[in-house]
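See below for the structure under consideration.
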Amino acid sequence: STQSTWAERERRALFGDLAGDGDTAVPEKPKRTKEEKAARKAEKEAKKLAAAQAKLGRTAPAPAASPIPAPQSPASPVSPSSPAAPRVSSGGDDLDDLFGPSMTSSPTKPAAAARATTAPASAPSSDFDDLFGFSSGPTAAPSSPTAPASSTGRAVAGTDGQVVVEFQKAPQPSALLVDFTLSLKSLSAVTELSLTLQPAMSLQVELQSEGAVCRGTMAKVANFAPRTAVAMRCSIRVSGPSFGMEIRGTLRYRDYNSKVQTFPVVLPLQMADLIRPEGADSTQQFGGLWTEHAAESRFRIAKILTAAQVSNSLTQSCRLKAVQVIGQEIILIGRFQESNVFALVHCMVAADGLQLIVRTKDRMLTEALQLCITKAL
């Protein structure tokens, strides 16, 4: 019929002729319109452009925003090097005739950035160095230990709140006298109270008291009534070079419950407590003692003083004796009580400060002497 004929034509127009009777028809690929072809072409061009930009390592710029350059960090300022310290030479004097021009030049200061790794320059060698065997160049002063208690007035050596141990020093030519006072603040009595000191072997210590039984470095009180005090006197003599700048001890007692209580006692010492302004009377005698005292320390003090000011400060604060002051060079000496141990000091006054060398027979004494001089100046 006419209707079936038209249907057959439409089928053939869409799918073409059949391969044969009973076979399944294979549809042809549909044709694209002009708009679809244009869109497809534009898509391919965009992909090519994106691939080319990715190959060059950049992305397509945004059309709306303009690129903003990243700010550059400013260059760090370069710190200038510290200027070298001026070299000052002292004129010829009697000390130079004997020892040579000792320590007449100041070591050059290193740059600020290299201070941690660069050692200070050495002082020039001289006859003074050859005679006394100085090591080359001053070294930095050691860190100062905790400052000891004052030699004047009464100070606390130890307490636990119930019992208090106080002391007061009285230096004598042959010994250091220390007056101890033990006070009971508690309202209850205590028993078997004892104070024991433990000095170094080079110190001779002896306790004495009318209200206690004393034997050498120990004092005992059998019964200690409340709100009372016991006085003790301690004599300290130097017999050798090796000792520290404190004497430690222990206070022990039984409280009202018969429980044993203890707390530490510390008696601080200072150089001025033990040194006497005596020793060599001439530069030659000073030089002879210098070679016998090998524990040495070299240090600098950045303070502008005259030779007379240095001499006055050390004789008053450290109880040293000025042997000779010529020009900008000073030598001082002190004796540890009646022992054969001396404190020897050589100071050169320079334009940028003071250069000092100190000697004793023991390293701990030398460090204590250096600390005393540093505080005095």
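Model, not experiment: these values are computed from the prediction.
Annotation for Arg254: atom CZ counts as buried by contact number, over 12 foreign heavy atoms lying within 6.0 Å.
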> Could you go step by step and tell me if Asp179 and Arg154 meet the salt bridge (Lys or Arg N to Asp or Glu O under 4.0 Å) rule?
Replying inline: CA-CA 9 Å; Asp179 291 327; Arg154 188 170 295 277; over 6 Å; no

>> Is there a salt bridge (Lys or Arg N to Asp or Glu O under 4.0 Å) between Glu296 and Arg298? Walk through the geometry before answering.
In response: CA-CA 7 Å; Glu296 178 185 283; Arg298 293 170 175 254; 3.1 Å; yes

>> Before you tell me yes or no, could you show the steps for Lys321 and Asp281 under salt bridge (Lys or Arg N to Asp or Glu O under 4.0 Å), namely the whole-Å CA-CA distance, both residues' side-chain angles and the distance that decides it to 0.1 Å?
In response: CA-CA 9 Å; Lys321 170 187 173 182; Asp281 296 323; 2.4 Å; yes

>> Test side-chain contact (heavy atoms from CB on, under 4.5 Å) on Leu332 and Val323; report intermediate values, then the result.
In response: CA-CA 5 Å; Leu332 305 99; Val323 179; 5.8 Å; no

>> One pair to check against side-chain contact (heavy atoms from CB on, under 4.5 Å): Phe299 and Ile373. What are the steps and the verdict?
In response: CA-CA 11 Å; Phe299 59 100; Ile373 293 173; 4.2 Å; yes

> Can Val349 and Leu354 be said to form a side-chain contact (heavy atoms from CB on, under 4.5 Å), step by step?
Replying inline: CA-CA 5 Å; Val349 178; Leu354 307 175; 3.9 Å; yes

>> Pair Ile333, Val345 - check side-chain contact (heavy atoms from CB on, under 4.5 Å), show working.
In response: CA-CA 6 Å; Ile333 193 170; Val345 179; over 6 Å; no

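Annotation: the span from Ser313 atom OG to Leu377 atom CG amounts to 5.5 Å, rounded to 0.5 Å. Between atom OG1 of residue Thr306 and atom CD1 of residue Ile330 there is a gap of 8.0 Å, rounded to the nearest 0.5 Å. Within the model, atoms OG of Ser235 and CG of Leu203 stand 11.0 Å from one another, a figure rounded to the nearest 0.5 Å. Note that CD of Gln324 is 8.0 Å distant from CD of Gln284, once rounded to the nearest 0.5 Å. With rounding to the nearest 0.5 Å, the separation of OG in Ser297 from CG in Leu365 is 12.5 Å. Rounded to the nearest 0.5 angstrom, Ser317 OG and Asn312 CG are separated by 10.0 Å.
Side-chain atoms of Arg40 never come within 3.5 Å of backbone atoms of Lys44 as a donor-acceptor pair (strictly under, hydrogens ignored). Using a distance-only test at 3.5 Å, with no hydrogens or angles considered, no donor-acceptor pair links the side chain of Asp273 to the main chain of Leu269. In this structure, the side chain of Thr262 does not engage the main chain of Leu251 through any donor-acceptor pair within 3.5 Å. For His293 (side chain) and Leu344 (main-chain N/O), no donor-acceptor pair under 3.5 Å exists by modelled atom type. The main-chain N or O of Ala39 is never found under 3.5 Å from a side-chain atom of Glu43 such that the two would form a donor-acceptor pair. One N or O on the side chain of Thr374 and one on the backbone of Gln370 form a donor-acceptor pair closer than 3.5 Å. Of the possible donor and acceptor atoms, one in the side chain of Gln337 sits under 3.5 Å from a partner among the backbone N and O of Val238. Put simply, the side chain of Thr366 gets close to the backbone of Ala295: a donor and an acceptor are under 3.5 Å apart. Using modelled atom types, one side-chain atom of Arg276 and one backbone atom of Gln172 make a donor-acceptor pair closer than 3.5 Å. Judged purely by atom type and a 3.5 angstrom limit, Thr315 has no side-chain atom pairing as donor or acceptor with the backbone of Arg319.
Using a 4.0 Å cut-off between charged nitrogen and carboxylate oxygen, Lys47 and Glu45 do not count as a salt-bridge pair.
Of all heavy-atom pairs spanning Gly334 and Ile275, the tightest one is CA-CG2, 3.9 Å. When all heavy atoms of Cys234 and Leu197 are compared, the closest pair comes out as SG-CD1, 3.9 Å. Taking each heavy atom of Ser194 and Lys220 in turn, the nearest pair found is CB-CG, 3.9 Å. Ala189 approaches Leu184 most closely through the heavy-atom pair CA-CD2, 4.2 Å. Closest of all the heavy-atom pairs between Gln355 and Ala350 is NE2-CB, 4.0 Å. Across all their heavy atoms, Ser186 and Pro226 have their closest contact at O-CB, 3.1 Å.
Ile301 and Leu320 end up in the same hydrophobic cluster when Ile, Leu, Val, Met, Phe, Trp and Tyr side chains are linked at under 4.5 Å. Note on Val266: it does not cluster hydrophobically with Met364, by side-chain heavy-atom contacts below 4.5 Å among ILVMFWY residues. Phe263 is connected to Ile247 through a chain of hydrophobic side-chain contacts under 4.5 Å among Ile, Leu, Val, Met, Phe, Trp and Tyr, so both are in one cluster. There is a path of hydrophobic side-chain contacts, each under 4.5 Å, that joins Leu193 to Val230. Met232 and Met218 fall into different hydrophobic clusters, defined by Ile, Leu, Val, Met, Phe, Trp and Tyr side-chain heavy atoms under 4.5 Å apart, directly or through other members.
Looking only at side-chain heavy atoms (C-beta outward), Phe167 and Pro268 come within less than 4.5 Å of each other. Using a 4.5 Å heavy-atom cutoff, the side chains of Thr181 and Val165 are not in contact. Looking only at side-chain heavy atoms (C-beta outward), Arg227 and Leu187 come within less than 4.5 Å of each other. At a threshold of 4.5 Å between non-hydrogen side-chain atoms, the residues Tyr253 and Gln162 count as touching. In this structure, Lys41 and Lys37 have side chains that are not in contact, with every pair of non-hydrogen atoms separated by 4.5 Å or more. Under the 4.5 Å side-chain criterion, counting only non-hydrogen atoms from C-beta, Leu207 is in contact with Phe180. Looking at heavy atoms from C-beta onward, Arg233 lies out of side-chain contact with Glu206 at the 4.5 angstrom threshold. Contact of the Phe224 side chain with the Thr191 side chain is not registered, since no non-hydrogen atoms from C-beta on lie closer than 4.5 Å.
When only modelled atom types and interatomic distance are considered, Glu329 and His346 share a side-chain donor-acceptor pair under 3.5 Å. In summary, the side chains of Gln261 and Asp255 do present a donor paired with an acceptor at a separation below 3.5 Å, with no hydrogens or angles considered.
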